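Below: one structure, written as structure tokens.
Along the sequence shown, residues carry numbers from 1. These numbers were taken from a predicted model, which means no experiment stands behind them.
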Amino acid sequence: MKYYKKKLIIEKINFQSLAHKFGTPAYCYSYSKLKENINKFKENFKSFSPLICFSVKSNTNVNLIREIKKFGLGADVVSKGELMMALKAGVPPSKIVFSGVGKTIEEINFAIEKKILLINAESKSEIQEINKIAKRKKKIVKVGIRLNPNTDAKTLKQISTGKSENKFGVNSKTFYELVNYCKNSKNINLQCLSVHIGSQILDHKPYEKMLKVVSNIINKTKHSFEFVDLGGGMGISYNKKIKKKLSYKKYNSAIKNFLRKHDTKIIFEPGRSIIGDTGTLISKIIYIKDGGSKKFIILDAAMNDLMRPALYGAIHKILPVNKSNSVSRYIYEFVGPICESTDKFVTLKKFQKLKESDFVAICDVGAYGMSLSSNYNLRPKPVELLIKGTNIRVIKDRQKHSDLI
Ligand code: LLP
């Protein structure tokens, strides 16, 4: 994404023409950015050729999952719906892992029927349930156990998952107990230890710590794990002013160190680092309203289209679609039309002068943008477009009111 002759462009198309043609709000994804992210990810860890399972929760668009699959990636799913979507996109079951603290009997049944690579169980009750179902079906089911390593991911509290106070995984004591349970079961084949300590991680040290914990626990169990699933969580740069960046090099060498002691295959479950910066939400200014010390820029995109600011206080960069050299003397607060005070994207002190009907681009919304969207206030969901050079593909139609009413 860059400016060309003062127009913001994605690949070879300018956002303004997309807005005119497809209406707003609209999610636009860049194919070349997606390709670049996947290739970079693979390159970073190529020495041990991990299985990379795209975390479908970050973006559930079937056409995007299909493109990602073409690069050889598998899928990490957390519900029957996501599993069905990954299969619909053509992801081979042998590359699908299923996580989640509350898999229902129906979901476990479905995963077993589809012969996916691993069901990563997160509690004693779940392992017992899998065992019961597998026994009834006279099948041997490949499972992983998710460990809660009690490691601080040093990220937002709301997206930390690896501390003992979090609901995810099991502690080391239960882990040992479950390893024994699996060893004694004829219907369970324990193949994996999985962990995921959180999301939007920008420091490699929590990963290093987590690997140490995992290494110790594997040593104690004396079980040979075919896979160690390290989850996802690799953070991206939402704000170029924040210099902190995850060092893939250091994470990679920590894993290589780990692999010197353990003969196992690594699985990753990245979401944001694959799809996050590929997506942009274009929106039109409906009204500009005087708010005393500031001006409210009322957009046609709202918290139902992009929930992250309201839910986590996340900040997404906003750019004008047509650049000018003017600077507004007002503070701008970019808000949506929804009846909630948290329906607010960002407040900016310095921005170019804007007028009603102008378009703006909300950046880096490819992950947890559309997938967290809702129909709150009975607002139809935006159209999704995939841009490849000069080619534009509608990868999901805009919802119509008639779909909702
Ligand atoms: N694996 C597991 C088990 C997970 O729970 C998650 C994310 C991932 C992989 C992918 O993590 P990623 O590579 O995308 O960081 N809605 C929040 C993020 C929630 C993440 C939930 N789990 C946000 O908008 O920031």
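- Scanning all heavy atoms of the two residues, the minimum distance from Val62 to Met85 falls at CB-SD, 3.8 Å.
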Applying salt bridge (Lys or Arg N to Asp or Glu O under 4.0 Å) to Lys40 and Glu43, what does each step give before you reach the verdict?
CA-CA 5 Å; Lys40 257 195 201 156; Glu43 181 64 27; over 6 Å; no
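- Lys115 NZ to Ser94 OG: the interatomic distance, rounded to the nearest 0.5 Å, is 12.0 Å.
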Would you please test Val214 and Leu193 for side chain to side chain contact (heavy atoms under 4.5 Å, CB included) and show each step?
CA-CA 8 Å; Val214 170; Leu193 178 155; 3.8 Å; yes
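- In this structure, Lys261 places its NZ atom where more than 12 heavy-atom neighbours from other residues, nucleotides or ligands lie under 6.0 Å away.
- Atom NZ of Lys183 has more than 12 heavy atoms from other residues, nucleotides or ligands within 6.0 Å.
- Within 6.0 Å of the NZ atom in Lys323, the count of heavy atoms belonging to other residues, nucleotides or ligands does not exceed 12.
- Considering Leu386, Asn39, Ile275 as possible partners of Leu34, the one that fulfils the side-chain contact (heavy atoms from CB on, under 4.5 Å) test is Ile275.
- Smallest separation of non-hydrogen atoms from Val170 and Ser123: CG1-CA, 3.8 Å.
- Rounding to the nearest 0.5 angstrom, the gap separating the OG atom in Ser324 from the CG atom in Asp358 is 8.5 Å.
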Phe268 and Cys53: side chain to side chain contact (heavy atoms under 4.5 Å, CB included), yes or no, with the steps?
CA-CA 6 Å; Phe268 286 119; Cys53 294; over 6 Å; no
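- Judged by the 6.0 Å distance and 45° axis criteria, Lys103 is positioned over the aromatic ring of Phe98.
- Within the 4.5 Å cutoff, the side chain of Ile387 has no heavy atoms near those of the Tyr31 side chain.
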Step by step, work out the side-chain hydrogen bond (donor to acceptor under 3.5 Å, both in side chains) result for Ser185 and Asn131.
CA-CA 7 Å; Ser185 159; Asn131 189 43; 2.7 Å; yes
Any chance you could lay out the side chain to side chain contact (heavy atoms under 4.5 Å, CB included) test for Arg272 and Met234, step after step, and finish with the verdict?
CA-CA 7 Å; Arg272 192 188 318 263; Met234 295 83 159; over 6 Å; no
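- Panel note: side chain Ser99, backbone Asn120; no donor-acceptor pair is recorded below 3.5 Å.
- A cation-pi arrangement is absent between Lys265 and Phe227, since the terminal nitrogen or guanidinium carbon is not both under 6.0 Å from the aromatic centre and inside a 45° cone about the axis.
- Note on residues 333-374: pairs passing ring-ring contact (aromatic ring centres under 6.0 Å, His included), not counting sequence neighbours, are His20-Phe359, Phe334-Phe351.
- The environment of Lys284 atom NZ is sparse: at most 12 non-hydrogen atoms of other residues, nucleotides or ligands sit within 6.0 angstrom.
- Relative ring orientation between Phe225 and His223 is described as perpendicular, the plane-to-plane angle rising above 60° on a 0-90° scale split at 30° and 60°.
- When every heavy atom of Pro93 is checked against every heavy atom of Leu87, the shortest pair comes out as CG-CD2, 4.0 Å.
- In this structure, His316 has its ring center under 6.0 Å from that of Tyr238.
- There is no side-chain donor-acceptor pair under 3.5 Å between Ser373 and Asp305.
- The closest donor-acceptor contact from the side chain of Asn239 to the backbone of Lys241 lies under 3.5 Å.
- Proximity of Ser215 to His262: side-chain heavy atoms (C-beta onward) are separated by under 4.5 Å at one or more points.
- Using a 4.5 Å cut-off on side-chain heavy atoms (C-beta onward), Leu73 and Ile52 make contact.
- Taking all atoms of both residues into account, the shortest heavy-atom contact from Ser371 to Lys57 is OG-O, 2.7 Å.
- Under the 4.0 Å criterion applied to side-chain N and carboxylate O atoms, Lys205 and Glu208 are not assigned as salt-bridge partners.
- At least one donor-acceptor pair under 3.5 Å links the side chain of Lys42 to the backbone N or O of Phe71.
- Among all heavy-atom pairs drawn from Leu281 and Ala301, the shortest one is CD2-CB, 4.0 Å.
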Could you walk me through whether Asn109 and Lys137 pass the side-chain hydrogen bond (donor to acceptor under 3.5 Å, both in side chains) test, one step at a time?
CA-CA 9 Å; Asn109 256 309; Lys137 287 182 180 293; 2.9 Å; yes
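- In this structure, the separation between CE on Met370 and CG on Leu64 is 10.5 Å, given to the nearest 0.5 Å.
- The CG atom of Asp76 sits 10.0 Å away from atom CD1 of Ile267, with the distance rounded to the nearest 0.5 Å.
- Scanning all heavy atoms of the two residues, the minimum distance from Ile197 to Ala153 falls at O-CB, 3.4 Å.
- For the residue pair Ser30/Glu11, the side-chain donor-acceptor check at 3.5 Å is satisfied.
- The neighbour count for Lys69 NZ, taken as heavy atoms of other residues, nucleotides or ligands under 6.0 Å away, is above 12.
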side-chain hydrogen bond (donor to acceptor under 3.5 Å, both in side chains) assessment of Asn37 paired with Asp277
CA-CA 9 Å; Asn37 290 347; Asp277 62 0; 2.8 Å; yes
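- The aromatic ring centres of Phe45 and Tyr248 sit less than 6.0 Å apart.
- Judged by distance alone, the side chain of Ser374 and the main-chain N or O of Tyr376 form a donor-acceptor pair under 3.5 Å.
- Within a 6.0 Å sphere centred on NZ of Lys396, heavy atoms belonging to other residues, nucleotides or ligands number 12 at most.
- Arg398 has its side chain out of reach of Lys381: every pair of non-hydrogen atoms, C-beta onward, lies at least 4.5 Å apart.
- Annotation: cation-pi geometry not satisfied between Lys295 and Tyr332 (NZ/CZ under 6.0 angstrom from ring centroid, within 45° of ring axis).
- Between Tyr207 and Tyr251, the angle of the ring planes stays under 30°, which puts this pair in the parallel group of the 30/60° scheme.
- The residue from Ile145, Ile188, Leu190, Val143 that alone fulfils the side-chain contact (heavy atoms from CB on, under 4.5 Å) condition with Leu178 is Ile145.
- Considering only heavy atoms from C-beta on, Leu202 stays 4.5 Å or farther from Lys245 through its side chain.
- Contact check for Ile331 versus Leu348: no side-chain heavy atoms found under the 4.5 Å cut-off.
- Sparse packing is recorded around OH of Tyr287, with 12 or fewer heavy atoms of other residues, nucleotides or ligands lying under 6.0 Å away.
- For CG of Leu156, the number of neighbouring non-hydrogen atoms (other residues, nucleotides, ligands) closer than 6.0 Å is greater than 12.
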Show the numbers, then the answer: is there a side chain to side chain contact (heavy atoms under 4.5 Å, CB included) between Arg66 and Asn63?
CA-CA 5 Å; Arg66 195 173 286 129; Asn63 292 300; 3.1 Å; yes
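- Looking at Val141 and Ile119, their side chains come closer than 4.5 Å, going by heavy atoms from C-beta outward.
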